[in-house]
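Beneath this line is the structure, given in C-alpha cells, with notes to follow.
Numbering starts at 1 and runs along the sequence shown.
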Amino acid sequence: MQPSMFNVRVPLDGRDDVFLMNTFSDAQLIVSRDVADVLDRIAHGERQFAADEREAIETLVDNGFIVESRAADHQALDEFFHNVREDRSQLRVTVLTTLQCNFACDYCIQGDHGDYNKHAAKMSLETAARTAEWAEQRLDAVAPSSFALTFFGGEPLLNLPVLFYLAERLAESCRIRGVRMMINIITNGLLLTPAIVDRLAPLGLNGIKVTLDGDRDTHNKMRPLRGGQGTFDKILQNVRQVAGKTRISIGGNFDEQTVDSYPALLDFLREQDFADKLAKVAFKPIIKPAQPVQAKGTFALTAVGSDGKPLGGACMTSAGTGVSSACDNCHFLDDKMSFLREETTRHGFPTMDGVHMGPCEIHKHHAHTIGPDGSLYACPGFAGEATQSTGHIDGRDERWRRESAKRFEVITAWSECDDCAFIPVCAGGCSVAAHTELGDMQKPNCHKTSFEAGVVTLARQAAARAEPALVG
Ligand code: SF4
Ligand code: SF4
C-alpha cells in the first residue's frame with residue numbers, strides 16, 4: 001500500500017482542508033488535513049489506523065490515491081500509454097488544404113509577404129481525391145466510431161473547392177460506414193461566411209477556431225493584410241454572423257508586448273451579443289520560430305524559396321513550433337498563461353483548465369496530418385518541416401520517411417520525467433517544442449509550473465463549490 005505517484009495536493013486558504021487530485025484516475029477530493037496526513041503516514045510505512053481513518057483510506061483507495069505499489073503505478077502508466085496509442089475509437093485526420101495565407105503577420109515567415117503565396121503549396125482536387133481514398137482505407141482498417149476531420153493551413157478557407165470536396169465525400173464515406181463525422185476548421189476568420197457554415201453543418205461541422213491576437217488595435221497590428229489594413233472588425237463581423245450556427249472557439253497568440261491587451265479583448269468579447277455562444281476562449285504565447293534545428297542523424301531537406309525562406313509548413317500561428325497549437329496542447333510562459341486563463345474564466349468564458357492537456361495526438365497511432373502534396377506527418381506541428389514527413393498517402397516507400405516515422409514511434413519523453421505526478425496529462429510535453437527549443441524531440445519539454453498553477457485553480461474552484469465530496 002502506497003500513495004499514488006500521481007497525487008497532487010493543494011492546501012486550501014483559510015481552512016484546515018486540502019484539495020487532492022490524482023492525475024491518473026482524474027479523481028478530485030477535498031479532504032481534512034488529517035486525511036492528507038494519513039497519506040504521509042502510509043508513505044512512511046505506517047499500517048495501524050483507527051476505524052474512521054480506515055474508512056477514509058477506503059475512499060482514497062477507491063479513487064486511486066492509494067495504490068498497491070510504485071510498480072503498480074508504473075505498470076498502469078504503461079498500459080495507459082499503450083491504450084492511448086492504440087485507441088481505435090476515433091480516427092483523426094488534419095488536412096492542410098493550402099500553405100497560402102491572406103494575412104501578413106509580422107511574426108510569421110509565411111503568409112502574404114513577398115511572393116510567398118505564389119509558391120506556397122495548395123492541395124489539388126486530384127490530391128484531395130487520393131486523400132479521400134486514403135482516409136476511406138483508414139476508416140475500413142481502423143473501424144472507429146467517430147472520424148474527426150480538421151481543416152488547417154496556411155489559411156484553409158483559401159482552398160474551398162478541396163475543403164468542400166473532402167468534407168462532402170468523407171461525410172458520405174462515414175454515413176455508409178455508420179461512423180460519426182466531426183469537421184473542425186482552424187481559420188483566421190477573414191473568409192468565414194454563413195454560407196460555408198450552412199454547407200458544412202449537415203455534414204457534421206463540429207466547430208470553428210478563429211484567432212484574435214489581442215484587442216482591436218493590437219490584433220490589427222499583429223495580423224494585418226499585406227497593405228497594412230486591419231482585420232479585427234471584419235473577423236468579428238464574420239464571427240457574429242455564424243456564432244449561433246456552430247461552436248466557435250477564440251484562440252490568440254501573445255508575447256510580452258501584447259499580453260496586456262488581452263483583458264481588453266476579453267472585455268470586448270463579453271460585451272458582444274454572441275459572447276455566451278462561444279464554446280471556448282484560450283490564448284497562447286508566440287514562440288518566435290527558431291532556425292530549424294537539425295534532428296540527430298538527419299539531413300535538413302526543408303524546401304526553400306528563392307529568398308531562402310522555407311516554403312513548406314503549417315500556419316505558424318496555429319501549429320508548428322509550439323506557437324499556438326492546432327491541437328491545443330502547447331503551453332509556454334507559464335505565469336502569463338495562468339494569468340490569462342484566470343482572466344478568461346473571470347469573464348465567464350469556458351477555457352482550458354491547464355491540467356487536462358494531453359496526451360496529445362502525436363502519441364496516437366490513428367491521428368494523422370496530411371500536407372497539400374499528400375505527405376503524412378505525425379502531428380500538425382511537424383508539418384512545417386518536410387524532412388519530418390512519416391509517409392505519403394500514395395504509399396511510396398522512401399527510406400527518409402521510414403526513418404522519420406521510426407523517430408516518432410519511439411517518442412516517450414516522459415520516461416525521463418522520473419515520478420512526476422503530471423505524466424498522465426503531460427506525457428513529457430510538446431515534442432515540437434522540444435525539437436525546436438532543445439534540438440531533440442525525445443526530450444521532455446517541461447512546463448510543470450503551468451500544471452501546478454492549473455491544479456491551484458482547480459482547487460479554488462472546487463473549494464468555491466464545496467465539491468467534490470469532503471472526506472474526513
Ligand atoms: S507534439 Fe503534441 S502538443 Fe506539440 S504540436 Fe504536436 S500534437 Fe501538439
Ligand atoms: S515534462 Fe515536466 S510536467 Fe511534463 S511529465 Fe515531464 S516533468 Fe512532468
Side-chain angles (χ1 to χ4, degrees), residues 94 96 101-103 105 107-108 110-111 148 150-157 183-192 206-216 218-223 231-232 234-236 238-240 242-243 246-255 258-259 261-266 268-270 272 274-275 277-287 314-333 336-345 347 349-354 356-358 360-361 379-381 430 432-433 450:
T94 299
L96 276 54
C101 182
N102 44 2
F103 278 16
C105 306
Y107 56 77
C108 182
Q110 298 158 7
T150 299
F151 292 110
F152 184 43
E155 169 46 43
L157 301 184
I183 299 170
N184 301 294
I185 304 176
I186 300 165
T187 169
N188 61 33
L190 197 70
L191 300 175
L192 185 60
N206 179 55
I208 298 177
K209 180 175 166 187
V210 175
T211 304
L212 294 172
D213 276 0
D215 64 2
R216 188 172 184 275
T218 310
H219 172 94
N220 284 341
K221 201 166 130 259
M222 297 292 286
R223 292 170 78 77
T231 53
F232 188 88
K234 178 65 180 154
I235 295 169
L236 262 291
N238 293 346
V239 167
R240 186 172 295 111
V242 301
T246 187
R247 287 155 42 92
I248 298 285
S249 302
I250 302 290
N253 313 299
F254 64 85
D255 64 12
T258 63
V259 64
S261 76
Y262 276 79
L265 170 63
L266 288 165
F268 177 86
L269 289 174
R270 187 70 261 165
Q272 303 307 303
F274 57 80
K277 294 180 184 149
L278 293 177
K280 190 165 80 173
V281 178
F283 307 119
K284 296 178 177 173
I286 297 167
I287 301 296
C315 173
M316 299 303 283
T317 74
S318 298
T321 50
V323 178
S324 173
S325 163
C327 62
D328 280 344
N329 285 102
C330 302
H331 30 85
F332 301 93
L333 294 181
K336 298 291 184 194
M337 290 283 289
S338 306
F339 163 72
L340 285 183
R341 204 164 47 228
E342 294 200 355
E343 278 294 291
T344 306
T345 305
H347 281 77
F349 294 116
T351 192
M352 291 182 296
D353 64 18
H356 298 90
M357 305 294 281
C360 69
E361 69 177 66
C379 87
C430 172
V432 174
S450 179

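Aromatic rings of F283 and F254 (six-membered ring for Trp) have centroids beyond the 6.0 Å cut-off, not under it.
Scanning for side-chain contact (heavy atoms from CB on, under 4.5 Å) contacts around T231 gives F103, L190, H219, N220, R223, L225, I235, with sequence neighbours left out. Here T344 pairs with nothing under the side chain to side chain donor-acceptor pair (under 3.5 Å) rule; sequence neighbours left out. Applying the side chain to side chain donor-acceptor pair (under 3.5 Å) rule to T246 yields no partners; only residues at least two apart in sequence or on another chain are considered. Among residues two or more places apart in sequence or in another chain, the salt bridge (charged side-chain N to carboxylate O under 4.0 Å, His left out) test is passed with R247 by none. Annotation: side chain to side chain donor-acceptor pair (under 3.5 Å) contacts of S249 (sequence neighbours excluded): none. Residues satisfying the side chain to side chain donor-acceptor pair (under 3.5 Å) test with N102, not counting sequence neighbours, are N188. The ring pair (Phe, Tyr, Trp, His ring centres under 6.0 Å) test applied to F274 returns no partner, not counting sequence neighbours. Partners of F151 under the ring pair (Phe, Tyr, Trp, His ring centres under 6.0 Å) rule, at least two apart in sequence or in another chain, do not exist in this structure.
At a threshold of 4.5 Å between non-hydrogen side-chain atoms, the residues L269 and L212 count as touching. At least one side-chain heavy atom of V210 sits less than 4.5 Å from a side-chain heavy atom of T187. Using a 4.5 Å heavy-atom cutoff, the side chains of V281 and Y262 are not in contact. Counting only heavy atoms from C-beta outward, the side chains of I186 and N184 never approach each other to under 4.5 Å.
Within the model, atoms CG of N238 and CZ of R240 stand 10.0 Å from one another, a figure rounded to the nearest 0.5 Å. Atom-to-atom distance recorded for T351:OG1 and E343:CD is 11.5 Å, nearest 0.5 angstrom. To the nearest 0.5 Å, atoms CG (D215) and NZ (K221) are separated by 10.5 Å. Here CD1 of I250 is found 10.0 Å from CD of Q272. Values are rounded to the nearest 0.5 Å. Atom CG in L266 sits 5.0 Å away from atom NE2 in H347 (nearest 0.5 Å).
The shortest non-hydrogen separation linking E155 to C101 is CB-CA, 4.1 Å. Nearest approach of T258 to N253, heavy atoms of both residues: OG1-O, 4.2 Å. Between F349 and A275 the shortest heavy-atom distance is CE2-O, 3.6 Å. For the pair I248 and A243, the tightest heavy-atom approach, listed with the atom from each and the gap, is CG1-CA, 4.1 Å. The heavy-atom pair separating G252 from T211 by the smallest distance is CA-CG2, 4.1 Å. Residues R341 and M352 come closest through the heavy atom pair CD-O, 2.9 Å.
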